[in-house]
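First the structure, in the form of structure tokens, and then the observations on it.
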Amino acid sequence: MLTIEGLHVYYGAIRALHDVSLEVREGEVVSIIGSNGAGKSTLLRTVSGLLRPRQGKITFMGKEIQETPPDQIVRLGISQSPEGRKIFTNMTVFENLQLGAYTRKDKDVASDLEKVMDRFPRVRERMKQSAGTMSGGEQQMLAICRALMSRPKLLLLDEPSMGLAPNLVTEIFSIVKELNADGTTILLVEQNAVRALEVAHRAYVLETGDIVLGGTGKDLLTDPKVKEAYLGG
Ligand SMILES: Nc1ncnc2c1ncn2[C@@H]1O[C@H](COP(=O)(O)OP(=O)(O)OP(=O)(O)O)[C@@H](O)[C@H]1O
Ligand SMILES: [Mg+2]
């Protein structure tokens with residue numbers, strides 16, 4: 001579904017991604033684990049068209065998208081729940097969700113909103129609330145809901161569990177599984193390596209801009225190097 005080949009991304013002179021190649025097949029959950037500054041957010045931002053690669057190719061469902069504008073990429077079926085939530089704090093929860101559907105002109109937006117709310121009852125209860133007054137965990141859920149409102153084929157999740165209490169982390173990862181079971185392909189970026197590998201069909205390890213390892217979630221969970229560096233030994 002998504003193929004990334006030889007991707008190089010720079011911020012000025014700073015090299016953030018070096019010759020990154022990976023693929024996400026339809027129906028998969030693919031996780032990318034890596035430490036702070038490894039380039040995880042850079043990768044997702046490049047897939048979403050928010051950053052332009054210096055070199056390399058990104059193909060989504062047979063179409064090259066490394067030059068495609070971000071709104072067009074959403075229309076093609078890729079949406080992102082960004083790191084740090086990035087919700088519109090001065091708008092209501094409902095308005096944030098409406099914005100998530102801004103590329104759509106079909107008549108199913110209202111029924112999709114119901115479906116999303118069924119999955120996230122905590123968000124439903126707060127529809128008229130100003131989004132900035134929600135708790136961190138609620139804002140994280142809202143960011144995911146907003147991404148779902150574009151009806152993505154491929155959902156990009158940047159550290160969905162960041163800053164959440166353990167019970168909410170469990171909830172978020174079970175929602176990831178449910179969304180995937182319902183047919184959404186997911187590319188997930190996480191520092192919570194154990195959870196990210198448990199939920200993943202396949203995963204990659206990103207270290208200072210390089211993919212250093214790839215395999216099934218299970219393989220990486222038992223890999224000695226991964227254990228030592230990311231799973232606390
Ligand atoms: N706007 C920017 N300008 C300059 N350098 C940047 C910018 N954004 C990121 N970088 C650098 O690019 C590298 C990769 O950053 P990135 O945010 O992709 O890492 P990350 O893996 O998402 O880290 P984290 O786990 O902390 O979110 C880092 O060295 C970072 O300092
Ligand atoms: Mg990041």
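In each ligand, atom 1 is the first atom listed, and ligand 1 is the first ligand listed. What you are looking at is a predicted structure, and each value in this text was computed from that prediction instead of being measured. Because only heavy atoms are used, hydrogens play no part in the values below, and waters and symmetry mates are left out as well, while side chains stay in.
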Can you name the atoms of ligand 1, numbered from 1 with element, that are less than 4.0 Å from a heavy atom of [X]?
{"X": "E159", "result": "24 (P), 25 (O), 27 (O)"}
{"X": "A16", "result": "12 (O)"}
{"X": "Q191", "result": "25 (O)"}
{"X": "S35", "result": "21 (O), 25 (O)"}

Identify, for [atom], the protein heavy atom at the shortest distance, and state residue, atom and that distance.
{"atom": "atom 26 (O) of ligand 1", "value": "N36 ND2, 2.8 Å"}
{"atom": "atom 12 (O) of ligand 1", "value": "Y11 CE1, 3.4 Å"}
{"atom": "atom 15 (O) of ligand 1", "value": "T42 OG1, 3.7 Å"}
{"atom": "atom 23 (O) of ligand 1", "value": "G37 N, 2.8 Å"}
{"atom": "atom 17 (O) of ligand 1", "value": "S41 CB, 3.8 Å"}

With a cut-off of 2.8 Å, does any N, O or S atom of N36 fall short of it relative to the Mg ion (ligand 2)? no
The Mg ion (ligand 2) -> E83, closest N, O or S atom is OE1
Salt bridge [X]-[Y], side-chain N to carboxylate O under 4.0 Å:
{"X": "D112", "Y": "K115", "answer": "yes"}
{"X": "R124", "Y": "E114", "answer": "yes"}
{"X": "K225", "Y": "D223", "answer": "no"}
{"X": "R119", "Y": "D182", "answer": "yes"}

Regarding atom 24 (P) of ligand 1: of the candidates E207, K40, E190, which has the closest heavy atom? K40
Any chance the side chains of [X] and [Y] put a donor and an acceptor closer than 3.5 Å?
{"X": "E190", "Y": "S31", "result": "no"}
{"X": "Q72", "Y": "T68", "result": "no"}
{"X": "R15", "Y": "T208", "result": "no"}

Check whether any N or O atom of G39, backbone or side chain, sits under 3.5 Å from an N or O atom of ligand 1, and answer yes or no. yes
Looking only at distances, please establish whether an N/O atom of ligand 1 is found under 3.5 Å from an N/O atom of A38. yes
Under a 4.5 Å side-chain heavy-atom rule over Ile, Leu, Val, Met, Phe, Trp and Tyr, are L155 and I4 clustered together? no
Is I175 linked to L156 within one hydrophobic cluster, defined over Ile, Leu, Val, Met, Phe, Trp and Tyr using a side-chain heavy-atom separation of less than 4.5 Å? no
With heavy atoms only and a cut-off of under 4.0 Å, state how R45 meets ligand 1: side chain, backbone, both or neither. neither
Would you say atom 30 (C) of ligand 1 touches the protein, meaning some protein heavy atom is under 4.0 Å from it? no
Output yes when a side-chain donor or acceptor of Y204 lies under 3.5 Å from a complementary backbone atom of E23, and no otherwise. yes
